[in-house]
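Report on the structure given below.
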2 protein chains.
Amino acid sequence: MARKLSTLDPQRLDNQICFAVYSAAHAFNRVYKPLLDRLGLTYPQYLVMLVLWERDDVPLKDIGEKLFLDSGTLTPLLKRLEAAHLVKRTRSSEDERQVLIALTPQGHALKDKARSVPQSILAASDCSVPELVAMKDEIVALRDRLNAVIGE
Amino acid sequence: MARKLSTLDPQRLDNQICFAVYSAAHAFNRVYKPLLDRLGLTYPQYLVMLVLWERDDVPLKDIGEKLFLDSGTLTPLLKRLEAAHLVKRTRSSEDERQVLIALTPQGHALKDKARSVPQSILAASDCSVPELVAMKDEIVALRDRLNAVIGE
DNA sequence: TCACATTTAATTGTTCGCAATTGAATGTCG
DNA sequence: CGACATTCAATTGCGAACAATTAAATGTGA
């Protein structure tokens, strides 16, 4: 009886999906760490590079919208990527407010070296691709509902 | 054809479950923010309080194991909770290496004020409880598989 | 055109999160 | 008992993450 109550108690840590998500994010980060160390990237830096590998010469703002990050996070991060010679930051000539982020040749080249990363993550997940895709879609849907509430 | 390839490309941002988890964690944090502000807590501080509301007078190490955090994160966090008069930190007399964390009366009292938080999160999730429980269990299982790889 | 609002990036300050190190307390084994 | 390893918390340094503010560029409407 006491057990049954505790498995329903919404104030219990283990009953909270947010803690599941929070702790899973950290677990992913720990798995990524050794893989990304070899590329000289942190996980958020890797996300920015993924965006740029899809489309180059992007305004900082667009990167922020894709990754749900603001300039307070991205400005120093991009300065570090620039210091590592992976990107170049230039003011747009049409709109001087915008900063355009472009890959350097080294930044482009890193895409190849990073090609094996998703494979390693998949292996660590120890889960079938269709299962992972289904989970991903559910989590994205949840995230989008949460973000919709924030805007309200 | 190009579209089909891109939806299978493992190096695409939108195909990565880790980014789904990462961005969902941030979305949760943004929903929690205004709720926890009223309690004077950050989200990680709230997690520590959840642990203590379940069992009081816990070694720092045990809190770390439950939350997957180390002393580098917890020591300053707990000092801030102590400065807010929510917990007390004392060295164990049996084992002087351990620091025991105990709730103050204010720390206990905060549990009641926090009772409505899970309800608000549930509403923001806009999802049935059984669905959320199923997702939570899947995510926890994934997290545990990832953590198992780290240990190896 | 000119006052005003909006957009955008940068900056500042606080809190996480973790790797690496330090130092003290405890355990272990010869 | 005594050398040695282990455990545990604290510390240091770095990189996010975000709120709040600042400043410059652009847009808008009288």
Please list, by residue number, the residues of residues 52-68 of chain B whose heavy atoms come closer than 4.0 Å to an atom of DNA chain D; answer none if no residue qualifies. B:Leu60, B:Lys61
Holding to side-chain hydrogen bond (donor to acceptor under 3.5 Å, both in side chains), I want the full list of residues that pass it with B:Asp95, two or more places apart in sequence or in another chain. B:Arg97
Sorted by chain and number, sequence neighbours left out, side-chain hydrogen bond (donor to acceptor under 3.5 Å, both in side chains) with A:Lys33 holds for A:Asp37
How long is the line joining CG of B:Asp37 and P of D:dC18, in whole Å? 14 Å
From NZ of A:Lys33 across to P of D:dG15 the rounded distance in Å is 11 Å
Does anything in residues 81-97 of chain A come within less than 4.0 Å of DNA chain C? Heavy atoms only, and list the residues if so. A:Arg89, A:Arg91, A:Arg97
Going by number, which of residues 69-80 of chain B have a non-hydrogen atom under 4.0 Å from DNA chain D? B:Ser71, B:Gly72, B:Thr75, B:Lys79
Could you identify which residues of residues 38-50 of chain B place a heavy atom less than 4.0 Å from some atom of DNA chain C, listed by residue number, or say none? B:Thr42, B:Pro44, B:Gln45
Which pairs with one or both residues in residues 75-90 of chain B pass side-chain hydrogen bond (donor to acceptor under 3.5 Å, both in side chains), sequence neighbours excluded? B:Glu82-B:Arg89
Taking side-chain hydrogen bond (donor to acceptor under 3.5 Å, both in side chains) as the definition, give me every residue that meets it alongside A:Ser128, ordered by chain and number, with sequence neighbours left out. A:Glu131
For chain B and DNA chain C, what are the first and last nucleotides along the strand, 5' to 3', with at least one atom under 4.0 angstrom from a heavy atom of the protein chain? C:dT15 to C:dT26
List the atom pairs, donor and acceptor, that lie under 3.5 Å between side-chain atoms in residues 114-122 of chain B and the rest of the protein, sequence neighbours left out.
unit_1: B:Arg115; atom_1: NE; unit_2: A:Gln11; atom_2: OE1; d: 3.4
unit_1: B:Arg115; atom_1: NH1; unit_2: B:Asp112; atom_2: OD1; d: 2.4
unit_1: B:Ser120; atom_1: OG; unit_2: B:Ser116; atom_2: O; d: 3.2

Side chain to side chain contact (heavy atoms under 4.5 Å, CB included) involving A:Ala102 - partner list, sequence neighbours excluded: A:Asp56, A:Asp57
Name all pairs fulfilling the ring pair (Phe, Tyr, Trp, His ring centres under 6.0 Å) condition that reach into residues 7-27 of chain A, sequence neighbours left out, sorted by first residue then second. A:Tyr22-A:His26, A:Tyr22-B:Tyr43
